[in-house]
**Q** 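I have a structure I would like to understand better, so I am pasting it below and will then ask my questions one at a time.
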Amino acid sequence: MKEKDSVENNEKSPDNRKKSGEKIISDNKTISANGKAFAGESRENKMGVMSEGKLLMSMSLPMIISMLFQAMYNVVDSVFVSRFSMDGLTAVSTAFPIQNLMIGVFSGLGVGFNAFISKALGEKKFDRANEVARQGIFLEAIGYVIFLIIGLFFARTFMESQTGDARVIQYGTEYLKVCCCCAFGIAFQMTFERLLQSTGRTMYSMITQILGAVINLILDPIMIFGLLGCPQMGVKGAAIATVCGQCIAGTLAMIFNIKKNPDLHITLRRFRPHGEIIGKILSVGVPSVIMVAIGSVMNYFLNLILYSFSKLAVAVFGAYFKVQSMAFMPVFGLNNGMIPIISYNYGAQKPDRMKRTMKLGVMVGCSIMVFCLAIMQVFPGQILKIFDATDEMLLMGIPAVRIMSTAFIFAGFSVTCSGMFQAVGKGVYSMIVSMARQLFVILPVAYFLSKAMNSVNGVWAAFPIAEVFSVIISTIFLLRVYKKIVKPMESVQRD
């Protein structure tokens, strides 16, 4: 992308513009008295002026739609793989912790630079926003190298650590090697989509994610079953289809940043790592990564517990977890729309807008999860049949879906609170909540209940119990954020 020719317009204050007959509008453009748009960027972004309800809807709805399509990557893979082989479904479920960790690393780092770019824009520090974007791209590249190494040298070791089934190990190793070695696709996609989100252009990121998901949906049956002259590649074909979708989506996201995102002007010429900015990005991004890493650890050890009962239990859990991801994605999309709004108004010192956005976010998030709970309770059998469930799988899976999905009652509040913690630079709070619920609660509870009940239902019951703990801890941290951050801003406003 091109660098700015000068910073004159960046330094020109809104007050001076008013004196010279210029006016500032809220749709990401600055207009002069004669109607011509300025090349500079000292204008009020819509995140600082639009009504909170309309703003949250305009920012979040595209993200909700795009996150749903993003979740389709894993769900579609599992649906088609289950029709190829039940061992294939078990393999993909067993490999999921690494795949989930990959998504978590790239999206978590994106949360870090997303929040700081939005904050810098709120403070009218446009050069700072550009530099944060450059450092964010650098960190995402490092993330790719890590997964390349995992794919090349540790994919089979990871599979063998969970099961001795040769076919499951083979399928899972093939799947992981492709996903990890070609992780540049998802890194590219996540990076440039987060840059669009940080400036409020969520509609473009929605388009890229939909495109990637549709491509994956089209290529999956062709590559898995060998249609239209393509060789049958089975589980490996599912991974290749996923990577193709990610690469194309990432390329389009980069083009949108070049053509449609005037708030950021990024160049990698004369790039140097900037320790202070990298530290700030990691202060928010690493807790986000750890939150997902914790989920992957939880998933890994739950698989070990479930393998002690049967291979079928792992398949049931894998199918549920993919459907659960579809249920949670609208709330994650809501968060992705909410975080830059709160971050921007935090930088602009507008506590009332922060509070109203948070309240709306909690209301919408909880409503989404209650709706999803109703679907899971009423249609568990139909949901499992999407994965070509056998009668034996339905017998185990229907009560499993109903028990685990009761956690949705509490999850909307906790997830939305985590988004606010990240928006104000308190990502460590989100990390603590996730650690408490996914390591310190769910794993020991799942282990002891499964032993005490001598039933796999003990594992399922651990989910709602853990979510109750997350609500309690989230509430404590939410009150702390208000006392330490929001209330002092309100006092300054009153003075």
Side-chain angles (χ1 to χ4, degrees), residues 1-10 27-31 36-43 45-47 58-59 62-63 65-66 69-70 106-107 109-121 124-144 183-215 243-272 274 277 281 336-337 340 344:
M1 299 182 187
K2 296 180 180 179
E3 290 192 88
K4 296 181 289 295
D5 294 331
S6 71
V7 294
E8 286 183 1
N9 289 321
N10 286 351
D27 63 350
N28 296 331
K29 294 180 182 177
T30 306
I31 306 296
K36 294 182 179 180
F38 283 101
E41 302 190 69
S42 274
R43 69 277 194 182
N45 190 286
K46 68 179 181 180
M47 291 186 285
S58 68
M59 292 278 286
M63 290 309 308
I65 295 172
S66 62
F69 275 90
Q70 182 70 26
F106 296 127
S107 65
L109 292 173
V111 166
F113 63 74
N114 185 337
F116 283 107
I117 289 172
S118 296
K119 186 171 183 289
L121 291 174
K124 304 298 181 290
K125 298 178 180 178
F126 301 107
D127 289 331
R128 173 82 166 180
N130 291 331
E131 189 57 41
V132 172
R134 296 206 311 166
Q135 301 299 321
I137 293 171
F138 171 68
L139 290 174
E140 296 279 27
I142 293 176
Y144 164 64
F184 54 80
I186 190 172
F188 215 55
Q189 181 181 357
M190 290 282 188
T191 299
F192 289 104
E193 285 177 351
R194 288 299 184 271
L195 294 178
L196 290 167
Q197 294 164 20
S198 68
T199 61
R201 293 171 174 85
T202 54
M203 183 64 70
Y204 294 118
S205 62
M206 178 190 74
I207 293 171
T208 61
Q209 290 201 7
I210 290 176
L211 175 65
V214 169
I215 290 171
V243 168
C244 288
Q246 292 165 347
C247 289
I248 294 173
T251 301
L252 181 61
M254 182 187 69
I255 293 171
F256 279 149
N257 271 281
I258 295 172
K259 301 292 186 182
K260 304 292 185 180
N261 197 0
D263 285 322
L264 295 175
H265 300 270
I266 307 166
T267 176
L268 298 180
R269 288 180 298 171
R270 298 185 299 276
F271 170 80
R272 294 289 184 277
H274 193 298
I277 293 178
I281 292 173
N336 285 342
Y344 184 96

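Bear in mind the structure is a predicted one, so any value in this text is a computation, not a measurement. Heads up: numbering here begins at 1 and tracks the sequence.
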**Q** Nearest 0.5 Å, what's the CZ-CZ distance between Phe106 and Arg194?
**A**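 The CZ atom of Phe106 sits 12.0 Å away from the CZ atom of Arg194.
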
**Q** With respect to Leu109, which candidate in Leu139, Asn114, Ile142 satisfies the side-chain contact (heavy atoms from CB on, under 4.5 Å) definition?
**A**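 Output: one option passes, namely Leu139.
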
**Q** Search all heavy atoms of Leu196 against all heavy atoms of Thr199 and return the closest pair with its distance.
**A**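 Smallest heavy-atom distance, with atoms named: O-OG1, 3.1 Å.
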
**Q** So how far is it from Lys119 NZ to Arg128 CZ, rounded to the nearest 0.5 Å?
**A**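 Here the rounded value is 8.5 Å.
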
**Q** Nearest heavy-atom pair of Phe138 and Phe271: which atoms, and what distance?
**A**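 Scanning both residues, the minimum pair turns out to be CB-CZ, 3.4 Å.
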
**Q** Check whether any side-chain heavy atom of Ser198 sits under 4.5 Å from a side-chain heavy atom of Phe116, and report yes or no.
**A**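 With C-beta onward as the side chain, the pair stays apart.
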
**Q** Take Thr191 and Phe113, measure what side-chain contact (heavy atoms from CB on, under 4.5 Å) needs, and give me the verdict at the end.
**A** CA-CA 9 Å; Thr191 299; Phe113 63 74; 4.3 Å; yes

**Q** Partners of Ile215 by side chain to side chain contact (heavy atoms under 4.5 Å, CB included), sequence neighbours excluded?
**A**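 Applying side chain to side chain contact (heavy atoms under 4.5 Å, CB included) to Ile215 gives Leu211, Leu219, Ile248.
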
**Q** Is the closest side-chain heavy-atom distance between Phe256 and Ile207 below 4.5 Å?
**A**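 Yes, their side chains come closer than 4.5 Å.
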
**Q** Kindly write out the residues that satisfy salt bridge (charged side-chain N to carboxylate O under 4.0 Å, His left out) with Lys260, not counting sequence neighbours, or none if the list is empty.
**A**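 Here no residue qualifies.
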
**Q** Rounded to the nearest 0.5 Å, what separates atom CG in Asp263 from atom OG in Ser118?
**A**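 Between atom CG of Asp263 and atom OG of Ser118 there are 9.5 Å.
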
**Q** Quick one, Gln209 and Gln189 - any side-chain contact, counting heavy atoms below 4.5 Å?
**A**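 The answer is yes, as the side chains (C-beta and beyond) meet within the 4.5 Å cut-off.
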
**Q** Verify the distance criterion only: is there a donor paired with an acceptor across the side chains of Arg201 and Asn261 at less than 3.5 Å?
**A**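 Result is yes, a qualifying pair exists.
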
**Q** How long is the gap from CD1 on Ile137 to CD on Glu140, to the nearest 0.5 Å?
**A**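 Interatomic distance, Ile137 CD1 to Glu140 CD, rounded to 0.5 Å: 9.0 Å.
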
**Q** I'd like to check Ile281 versus Ile277 (side-chain heavy atoms, cut-off strictly below 4.5 Å). Are they in contact?
**A**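 Yes, side chains in contact.
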
**Q** Less than 4.0 angstrom from a charged side-chain N to a carboxylate O is my criterion; do Arg134 and Glu131 meet it?
**A**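 Yes, this pair counts.
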
**Q** Residues two or more places apart in sequence or in another chain: which of them pass ring pair (Phe, Tyr, Trp, His ring centres under 6.0 Å) with Phe188?
**A**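 Counting only residues at least two positions away or on another chain, Phe188 forms a ring pair (Phe, Tyr, Trp, His ring centres under 6.0 Å) with Phe192.
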
**Q** Roughly how far, to the nearest 0.5 Å, is CD of Gln246 from OG1 of Thr251?
**A**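 Answer rounded to 0.5 Å: 11.5 Å.
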
**Q** Can any side-chain N or O of Gln135 pair as donor or acceptor with the backbone N or O of Arg272 at less than 3.5 Å?
**A**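 Side chain of Gln135 to backbone of Arg272: a pair is present.
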
**Q** Where the side chain of Thr208 meets the backbone of Ala249, is there a donor-acceptor pair that is under 3.5 Å apart?
**A**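 Here the side-chain-to-backbone pair does not exist.
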
**Q** Please name all residues satisfying side chain to side chain contact (heavy atoms under 4.5 Å, CB included) with Ala129, sequence neighbours left out, ordered by chain then number.
**A**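 Ala129 satisfies side chain to side chain contact (heavy atoms under 4.5 Å, CB included) with Ile117, Ala120, Leu121, Leu264 once adjacent residues are dropped.
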
